[in-house]
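Down below is the structure, laid out as structure tokens.
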Amino acid sequence: MEKSLAKYIWSNTRLEQIWILLVVAASMVPYFLSFDLPKQIVNGPIQGKGFEKEGATQTFMHFAYDVPWIGHITFFRGLQLTRFEMLIALSLVFLALVVLNGLFKLYINTYKGRLGERMLRRIRFELIDRVLRFPPSHFKRVKAAEIATMIKDEVEPMGGFTGDAFVQPALLGGQAITSLIFIVMQNFWLGMIAAAIVAVQAVIIPRMRKRLLELGRQRQLTARELSGRVGEIVDGIGTIHGNDTSNYERADIAARLGLIFSIRYDLYQWKFMVKFVNNFLAQVTPFLFYSIGGFLALQGRLDIGQLVAVINAYKDLPGPLKELIDWDQSRQDVQVKYNQVVEQFSVERLIDPKIQLLDCEPSARLTHALTATNLTITDDSGARVLDHVSVEINPGETVAIVGESGSGGEYLVEAFGRVLWPDSGRVAIDGQDLLELPESITGRRIAYAGSDTYFFHGTLRDNILYGLKHAPMTTVEYEGAEATKFKWSMIEARRAGNPEFDLNSDWVDYASTGATGPGDLYSVMRPVLDAVLMSQDLLDMALRSTIDSGAHEDLTSRIVELRQALLQRLKEEDLDGLVVPFEFTTYNPQATVGENLLFGTLKRPLMTNRKLAAHPYFRKLFQDTGLNVELYAMGLEIADNAVELFTDLPPDHPFFQQLTFMTADDIPEYQALLQKLKGRGFDAANDEERTSIIRLSFSYIEPRHRFGLLTDELMAKIVRARAEFHEHIPPDLNAVIERYDPQRFTASATLMDNVLFGRIAHQQADAPERIHVIMRDLFNRLGLQDSVLSIGLDFNVGSGGKRLTNVQRQKLNLARALLKRADYLIFNRPLLALDHRFQDQIVRTVLTSLHQEGHAPAIVWVLSNVTLAELFERILVFNGGTLAESGTSNDLLEKNGMFKELLS
């Protein structure tokens, strides 16, 4: 990277800087004229110089110049104006100069701002581009939070400085010099005084500010380290809680904050000391002007107009001078920041940009062997983890790698997947070093999956298709204002050195998966998801999701058909009691009291349980029907039973998972409420206490909780209250409550609730699992499996995929690699989180299904379960970083060597 920030800015904005400097030079003319005009106004029309005689006039706006070789030319003879007319005319000219100077400033500042933002965009992109080209080993030595902080915050001042880098000294220096020249022209000695003060400021202030620069550098470094430490705390929160080190972390953070405080306090003290000195020197000059200039005016050696003009000119001198000194400090400060950025991002062995060039064309298949020759890899401590290993993997070959953890096989496949760069030797295909091949080949024709997974914030669909997003595959046609906006965005991208890629294009390479487009993509994805046992997870996610009826109309429009098919299937299998359907005139014992009362769902977040309980209509209904008293009594019984059963259990006890109406944290609160309210009537409690007690009854289900609190009489009363509730429901509640309708899709309910239109019987053993199996079969039989799969793929995986279990993450990681249909599949213990039974099933399915498709890639699999090695054509046994044995399963068993020891 360029070491000098000024050179970096000039090389990228040369033409823009020249243009704005020309504009600055032009702005000096009206700036100078605005100093001279007050003198003309004071001396002329105000004091009457030239208007001594009655009715005297003066020429205004007379333009005549002597042109070489031509002579005297009069462009405009001017206007003859009286004293009052001249006062008005000169005042209007002064106003025009004020407007013109303001317009110059507006244009210059706007242009500088756009130039700075463009440069900020450029440097941020270049830094991120370098991050994408860092060698893999470098990421072990840097913290992600520190890199992010540098790109986001530390380069921010560089964008603002870009517009000021050359324009600001030219503009401010020009203004200061113009002011000084004008003062000297009025009176030489006053000009010398102003020049002397300016010289003192220019020498003293920058020297004092050197300390500020050093403190600013320390502040920046400590703030960056704090950011990295906070990132470590977030990533390692489980380790902190597991080892009782939260107070140690608090002490560490407090110490860091204390250091930052002391640096910032010192910075503020020194900063305001500099300001004090600067302001003092600036205010000394007017004192000298008033005293000396006034003395000269009293002696008649300086007229009043000149003195007013000098004071007016000096009034505009400290501002540019102060800003010029601030610019110099900003220049040094930004240069320090830039040097630190350059230091952090100047990394050896950066990936060549040519390797990552965009390639929209399909990459050719790899038909040559993948070979490792004298491969040596060392870890960060310098120990050899792979020692002069040579291996050849032929196209279509299946190879198992076995050995103890750290025996060397995992490092070999990391080199095959370009996750790790060898220290010596090389990995090659057809004689070409793997590290020199374009990523458009290795990233598409070689797929790698390990046990360490990472997923970007977004949906499951985004992450599983991530391995197919190599280049924009379509061209988006924009119209009208959108077309203009897109055109300008591309122009700005080009000016800022950013690639002109359209993110709105479809980047998914469907052809590489065997699909023709989005329409048949799911038919290609489904076998892959089945192979890694992910389909059931997606079905569960889809069933628990609320769905947009417009986006999945093919499914929502057939919801009644699905309900009828489910009831028919349950009847055929003599499982009628497995689901209790919703009926408006009867109480559903498998649903909560709240669901029975509402007979519908709330449109969240527009309406919540707390808002509903506080609604006047809802409160009046409870009071009129007497349900408030009965449900209050039920809530007290629930609270009493729960406190008695769970008060002595630890908060993480699994029994709390069955306690739907309160959490472990609520137990002490309700224990205190019971002590206060037990044995006292409904009227003894205030509104807040009644709400806390009654809400417990809303989550009560008799067959599940079995406290014996629901009587036939109370259930009948709830059904009657339900009818009255919906009969007179006010418009505002009707808009946020969606009533259950057997002939309609309920948008605010989950897919499971929509298909069931009822509740699963809690007393039935394995009822949810049996329902899921039946539903999956129904979706397949009715041709809706792609729609359900699409709903499951809409599940948001969260930051880093943390909303998924470790098992699901490893399944998804493997599925993403398989979906690429690469020529070489490199798997490094990708299923460590799964037990051996599921690993066995997935490995067998992957090996058989891939070859059945007519696409026979080479598979290199580091196995955590050695018994699966017999499924592969060749086995490589590693020990101590060397290849100990190689051959088929039968050959190695006959040798009676290390492979047999691993099996035993």
Side-chain angles (χ1 to χ4, degrees), residues 458-465 468 473-474 476-477 479 482 504-508 510 513 515-530 534-570 579 581-582 599-607 734-759 771-797:
T459 64
L460 262 167
R461 179 187 290 101
D462 295 334
N463 280 283
I464 198 171
L465 297 178
L468 305 174
M473 308 303 293
T474 60
V476 181
E477 298 295 335
E479 296 180 357
E482 286 294 323
N504 294 324
S505 172
D506 192 345
W507 286 66
V508 178
Y510 299 102
T513 68
T516 58
D520 60 346
L521 177 64
Y522 296 132
S523 62
V524 174
M525 292 175 64
R526 201 163 50 249
V528 172
L529 294 170
D530 288 342
M534 191 73 185
S535 297
Q536 186 60 46
D537 296 281
L538 285 174
L539 175 64
D540 293 342
M541 293 172 188
L543 291 175
R544 293 194 299 268
S545 301
T546 55
I547 60 178
D548 182 3
S549 56
H552 301 281
E553 190 175 355
D554 57 334
L555 177 62
T556 58
S557 62
R558 299 177 66 182
I559 198 66
V560 176
E561 181 185 354
L562 271 167
R563 290 169 181 168
Q564 293 173 349
L566 176 64
L567 292 175
Q568 181 63 31
R569 178 69 175 271
L570 292 174
V579 175
F582 288 128
F599 199 75
T601 58
L602 301 177
K603 294 182 180 179
R604 302 177 186 274
L606 298 175
M607 178 56 67
N734 192 45
V736 293
I737 295 176
E738 195 169 8
R739 180 173 166 177
Y740 290 137
D741 187 339
Q743 301 301 317
R744 189 172 58 85
F745 178 81
T746 306
S748 53
T750 64
L751 177 60
M752 167 76 92
D753 290 344
N754 268 286
V755 177
L756 288 177
F757 196 71
R759 288 289 176 263
I771 287 293
H772 279 208
V773 172
I774 293 173
M775 281 189 176
R776 183 175 184 180
D777 182 60
L778 285 177
F779 291 140
N780 289 332
R781 188 159 54 85
L782 296 175
L784 296 172
Q785 62 271 35
D786 284 353
S787 292
V788 177
L789 176 63
S790 177
I791 294 169
L793 290 171
D794 285 334
F795 180 79
N796 193 303
V797 302

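Positions are given from 1 along the sequence. Values in this document were obtained by computation on a predicted structure and should not be read as measured data.
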Atom CG in Leu521, atom CZ in Arg526: separation rounded to 0.5 Å?
10.5 Å
Distance check, rounded to the nearest 0.5 Å: Ile547 atom CD1 versus Leu751 atom CG?
5.0 Å
dist Gln564:CD -> Phe757:CZ (nearest 0.5 Å) comes out at 12.0 Å
Is any side-chain heavy atom of Leu529 closer than 4.5 Å to one of Leu789?
yes
CE (Met752) and CE (Met775) are apart, to the nearest 0.5 Å, by 4.5 Å
Let's go through Tyr522 and Arg461 carefully: what are the C-alpha distance in whole Å and the side-chain angles of both, what is the deciding distance for side-chain contact (heavy atoms from CB on, under 4.5 Å) to 0.1 Å, and is it a yes or a no?
CA-CA 10 Å; Tyr522 296 132; Arg461 179 187 290 101; 3.0 Å; yes
Under 4.5 Å between any side-chain heavy atoms of Trp507 and Met473, yes or no?
no
Test side-chain contact (heavy atoms from CB on, under 4.5 Å) on Asp794 and His552 and set out the steps.
CA-CA 12 Å; Asp794 285 334; His552 301 281; 3.6 Å; yes
Taking the side chain from Ser790 and the backbone from Asp786, do they hold a donor-acceptor pair closer than 3.5 Å?
no
Does Thr750 form a side-chain hydrogen bond (donor to acceptor under 3.5 Å, both in side chains) with Thr546? I'd like the steps, not just the answer.
CA-CA 4 Å; Thr750 64; Thr546 55; over 6 Å; no
Of the non-hydrogen atoms in Asp506 and Pro518, which two are nearest, and what is the gap between them?
OD2-CG, 4.2 Å
Check the surroundings of atom CD in Glu561: do more than 12 heavy atoms from other residues, nucleotides or ligands lie under 6.0 Å from it?
yes
Look up atom CE in Met541 and atom CG in Asn796, then write down how far apart they are to the nearest 0.5 Å.
11.0 Å
Minimum heavy-atom distance between Arg563 and Val755, given as atom pair plus value
CG-O, 3.2 Å
Going by the rule side-chain hydrogen bond (donor to acceptor under 3.5 Å, both in side chains), which residues pair with Asp741 if we only count those two or more places apart in sequence or in a different chain?
none
Would Thr513 and Leu465 satisfy side-chain contact (heavy atoms from CB on, under 4.5 Å), going step by step from the backbone distance to the final call?
CA-CA 10 Å; Thr513 68; Leu465 297 178; over 6 Å; no
For Arg744, check side-chain hydrogen bond (donor to acceptor under 3.5 Å, both in side chains) against everything at least two apart and list the hits.
Glu738
Student check: side-chain heavy atoms of Thr746 and Thr601 closer than 4.5 Å:
yes
Under a 3.5 Å distance rule, please check whether Thr474 uses its side chain to pair with a backbone N or O of Ser505 as donor and acceptor.
no
Would you name the heavy atoms of Thr459 and Leu793 that are closest together and state the gap between them?
CB-O, 3.4 Å
Is there a salt bridge (Lys or Arg N to Asp or Glu O under 4.0 Å) between Asp530 and Arg776 once you walk through the steps?
CA-CA 13 Å; Asp530 288 342; Arg776 183 175 184 180; 3.3 Å; yes
For the student: nearest non-hydrogen atoms of Ser787 and Leu555, plus distance
CB-CB, 4.2 Å
For the atom pair CZ (Arg569) and CZ (Arg781), what is the distance rounded to the nearest 0.5 Å?
6.5 Å
Residues Thr516 and Tyr510: closest non-hydrogen pair is C-CB, 4.2 Å
Side chains of Arg759 and Phe582: does their closest heavy-atom pair fall under 4.5 Å?
yes
Does Tyr740 have any side-chain hydrogen bond (donor to acceptor under 3.5 Å, both in side chains) partners at least two apart in sequence or in another chain, and if so, which?
none
Derivation and outcome, side-chain contact (heavy atoms from CB on, under 4.5 Å), residues Leu602 and Val736:
CA-CA 6 Å; Leu602 301 177; Val736 293; 6.0 Å; no
Provide the closest heavy-atom pair for Asp520 versus Ala515 in the form atom of the first, atom of the second, distance.
OD1-CB, 3.5 Å
A side-chain contact here means heavy atoms from C-beta on lying under 4.5 Å apart; do Leu543 and Leu539 qualify?
yes
